[in-house]
Amino acid sequence: RLTVKLSNAAGPVVRRIMAEISAARAPGGPKELTVALEVPWDGKDAAGQALPDGPYAYGVTGELVIFHLNKHDPKAVLQEFSKATSNALHGALLLDATVPAAFGFAPADGSFVNLKRPALAASYHDAGSGIDLTTVRVLLDGQAVSATASSDGFVFQPTADLAEGSHAVSLSVGDLAGNVLGPVTWSFFVDTQNPMVSGLSVAPKAITNLRRPACSGNFLDPEPSSGLNLSAVRLTLDGQEVAAQAVVSATGFQFTPAA
């Protein structure tokens, strides 16, 4: 019989666990009998409530109870009055039931990048048992990549150009207590193609007899497209910014000089 008492850092016993195992010595076998007994703990107190992560002390005592068969009635079992109790064995353990945290994803989730080989990275942290580096797994578009992982994050630099369009990164990471985060997934969009302007109503170096010619043009962002950033549209007339006087949309612009 094995009894385990668990105490928190303040000292009070928060859980008492008992386990038993029975064994019989084979006739003619050795006088000594060795058995192994495990006492699992689910991280909860006697009321079944989950205990907070942190250090806990334990004390273990073993008790040997000897039984003899009744020679006159083999089906009956008599318990010997004397019991042997071991000295208490003391130790400490760390309760860690919390998964690691991940943050600082790069490229940022939902972002647009104009690089064909953007660096992938993320940070992670575990306040309990610490990161188990053997559990770090990084996927790019569903394929495992050989990222450089440390105790506080990973980085991966693609060795080939990524295709234009959307890409997904997945991260799984565990701690030394066996808690696993993930997979955590984020995405980014690669767009290295510049938008184009076509259909100009006033061609470059054109000659006109109008003092206030209507100027217009069409916008095109090649597919796969991240979309136009209309706030970045600049329109100048003789070096002066006139975009505020123009009508600008996702399809193009229209502008007529005021004077």
Side-chain angles (χ1 to χ4, degrees), residues 1-27 29-71 73-105 122-137 149-154 170-184:
R1 180 182 298 138
L2 200 63
T3 302
V4 180
K5 295 180 181 179
L6 292 140
S7 306
N8 59 24
V13 175
V14 295
R15 184 74 180 273
R16 180 180 285 102
I17 309 173
M18 183 178 295
E20 296 182 350
I21 191 172
S22 60
R25 183 166 59 88
K31 294 182 178 181
E32 294 184 354
L33 186 63
T34 302
V35 295
L37 186 60
E38 294 183 355
V39 179
W41 180 39
D42 56 9
K44 298 179 180 180
D45 61 16
Q49 299 297 315
L51 290 165
D53 289 356
Y56 290 83
Y58 64 83
V60 182
T61 56
E63 185 179 40
L64 176 63
V65 182
I66 302 175
F67 296 89
H68 291 287
L69 290 176
N70 188 329
K71 297 180 179 181
D73 185 2
K75 294 183 180 180
V77 176
L78 297 178
Q79 179 177 330
E80 188 170 301
F81 292 104
S82 62
K83 300 178 182 179
T85 302
S86 69
N87 294 326
L89 173 66
H90 297 280
L93 55 81
L94 177 68
L95 175 61
D96 179 6
T98 304
V99 300
F103 52 93
F105 306 115
S123 299
Y124 39 72
H125 174 70
D126 186 76
S129 55
I131 296 296
D132 181 358
L133 292 179
T134 65
T135 66
V136 178
R137 190 164 185 254
S150 66
S151 60
D152 56 6
F154 84 88
S170 295
L171 166 66
S172 297
V173 58
D175 61 23
L176 295 172
N179 304 300
V180 178
L181 170 71
V184 177

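The residues of the chain are indexed from 1 along the displayed sequence.
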Exercise. Mind checking whether Y58 and W41 have ring centres under 6.0 Å apart?
Worked result: no
Seminar exercise, completed: Closest non-hydrogen atoms of A122 and F105, given as atom of the first, atom of the second and distance, are CB-CD2, 3.7 Å
Listed pairs under 3.5 Å, donor-acceptor, residues 3-11 side chains, sequence neighbours left out:
| unit_1 | atom_1 | unit_2 | atom_2 | d |
| --- | --- | --- | --- | --- |
| N8 | OD1 | A10 | N | 3.0 |
| N8 | OD1 | G11 | N | 3.0 |

For this session: Could you tell me which non-hydrogen atom of P40 sits nearest to which non-hydrogen atom of I17, and how far apart they are?
Result: O-CD1, 3.7 Å
Seminar exercise, completed: Shortest non-hydrogen pair, D42 vs R15, comes out as OD1-NH1, 3.1 Å
Seminar exercise, completed: Separation between CG (L171) and CZ (R137), nearest 0.5 Å, reads 11.0 Å
Problem set entry | Considering all heavy atoms, the nearest P100-N179 contact | CD-O, 3.7 Å
Exercise. Do any N or O atoms from the side chain of S129 and from the backbone of D96 form a donor-acceptor pair under 3.5 angstrom?
Worked result: no
Exercise. If you take all heavy atoms of S150 and D152, which pair is closest and at what distance?
Worked result: OG-OD1, 2.6 Å
For this session: Report the distance from atom CG of L181 to atom OH of Y124, rounding to the nearest 0.5 Å.
Result: 11.0 Å
For this session: Could you tell me which non-hydrogen atom of L95 sits nearest to which non-hydrogen atom of L51, and how far apart they are?
Result: CD2-O, 3.7 Å
Exercise. Could you give the distance from CE (M18) to OG1 (T61), rounded to the nearest 0.5 Å?
Worked result: 7.5 Å
For this session: Show the numbers, then the answer: is there a side-chain contact (heavy atoms from CB on, under 4.5 Å) between D132 and D175?
Result: CA-CA 5 Å; D132 181 358; D175 61 23; 5.7 Å; no
